[in-house]
Amino acid sequence: MISLLKKSFCFLIVVLGSTSIGFAQSTFLEVASTPYDRQMARVQPTLTAPSGYLIDGLSFALVNEWMIELRAMPYHYSREWRTPSEVEAATGSDCKGKALALYDRMQLNGAANVRFVIGKRRANDSLTHAWLEWETEMGTVLLDPTFNWTAEFKLQNGRTYIPFYGYEGAHKFQATNSLLVSRDHGTRSPAAPSQGVITRSTRSTARTRSNPWFFDEGPIRPRSFSNSTPL
């Protein structure tokens, strides 16, 4: 499975430049607050931490190593939002913990245009889910270390990975193309994202955030965005 995906991702994605809050392939409107704000208070410093900087950019190979490491971690649901350091020290984590741990590593290593997203993995799911979306010049890269071993491009089919809310730094967004947002979250305080599977770890955890794997292929630059809304 991994070998086939590696062929699909033999190119290098490098994130340089833009720190804009806009995401061209997602329909998001910036908002002042979301129903999850109180729950997320203890992990807000992770989202707003200053981004690191790497001259050579961030490679798909390194991101996939982090994905494999987090995907191999057993699924343990926690009602309380866990910080990346708590996830790293634990023997398991849920979807929101894994996604935030990956967000933290990408931020520390200079990635731009990465958004933490809460929504549904499938339209008919009864539980919410959390993942990352990384906007690049080639399209939206989906990062879901709860279900997927490697990064993949997001399918704009309206049936999978349906966003409700997005978070990037100090900015908060609501999806404008999902009727589920108002139906499921408009009148009550939502539960923390909880979707996941309990699986046996089958991959080794070989790399850490300090891994220096970067390549010299030509860069694929991030898309240029404006600050206008809707996004």
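- In this structure, D94 and H76 have side chains that are not in contact, with every pair of non-hydrogen atoms separated by 4.5 Å or more.
- Residues M106 and L132 meet the side-chain proximity criterion, which asks for heavy atoms closer than 4.5 Å.
- A heavy-atom distance below 4.5 Å is found between the side chains of H129 and T146.
- Remark: the backbone N or O of L143 is not paired with any side-chain donor or acceptor of N148 at under 3.5 angstrom.
- Taking 4.5 Å as the limit, every side-chain heavy atom of L155 sits out of range of all side-chain heavy atoms of Y161.
- No hydrogens or angles considered: nothing links the side chains of T140 and E133 as a donor-acceptor pair under 3.5 Å.
- Between A101 and L70, the shortest heavy-atom contact is CB-CD2, 4.1 Å.
- Closest of all the heavy-atom pairs between Y36 and Y167 is CB-OH, 3.6 Å.
- One finds no salt bridge joining E80 and K96 here, because no Lys/Arg side-chain nitrogen approaches an Asp/Glu carboxylate oxygen to under 4.0 Å.
- Between R42 and E86, at least one side-chain nitrogen of the basic residue sits less than 4.0 Å from a carboxylate oxygen of the acidic one, meeting the salt-bridge criterion.
- Looking at K172 and D37, a side-chain N of the basic residue comes within less than 4.0 Å of a carboxylate O on the acidic one, giving a salt bridge.
- Note on L102: it clusters hydrophobically with F153, by side-chain heavy-atom contacts below 4.5 Å among ILVMFWY residues.
- R71 forms a cation-pi arrangement with W149, by the criterion of a distance under 6.0 Å to the ring centre and an angle within 45° of the ring axis.
- Atom OH of Y165 is separated from atom CD1 of I118 by 9.0 Å, given to the nearest 0.5 angstrom.
- Both tests pass for R115 against the ring of F28: distance under 6.0 Å to the centre and angle within 45° of the axis.
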Checklist entry - Does the salt bridge (charged side-chain N to carboxylate O under 4.0 Å, His left out) test come out yes or no for R105 and E88, once each step is laid out? => result CA-CA 11 Å; R105 294 186 187 189; E88 302 270 357; 2.9 Å; yes
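- A 4.5 Å side-chain heavy-atom check between E135 and V114 finds every atom pair outside the cut-off.
- Y103 and T46 make their closest contact through CE2-O, 3.8 Å (heavy atoms, listed as atom of the first residue, atom of the second, distance).
- W134 has its side chain within reach of V63: a pair of non-hydrogen atoms, C-beta onward, lies under 4.5 Å apart.
- Partners of N124 by side-chain contact (heavy atoms from CB on, under 4.5 Å), not counting sequence neighbours, listed by chain and number: R122.
- Going from atom OG1 of T83 over to atom CG of L100 covers 9.0 Å, rounded to the nearest 0.5 Å.
- With K120 contributing its side chain and R159 its backbone, the two residues share no donor-acceptor pair below 3.5 Å.
- Both L58 and M138 sit in one connected hydrophobic cluster of ILVMFWY residues. Membership requires side-chain heavy atoms under 4.5 Å apart, directly or through other members.
- For S51 against G110, the heavy-atom pair with the smallest separation is OG-CA, 3.7 Å.
- By the 4.5 Å heavy-atom criterion applied to side chains, F173 and E168 are counted as neighbours.
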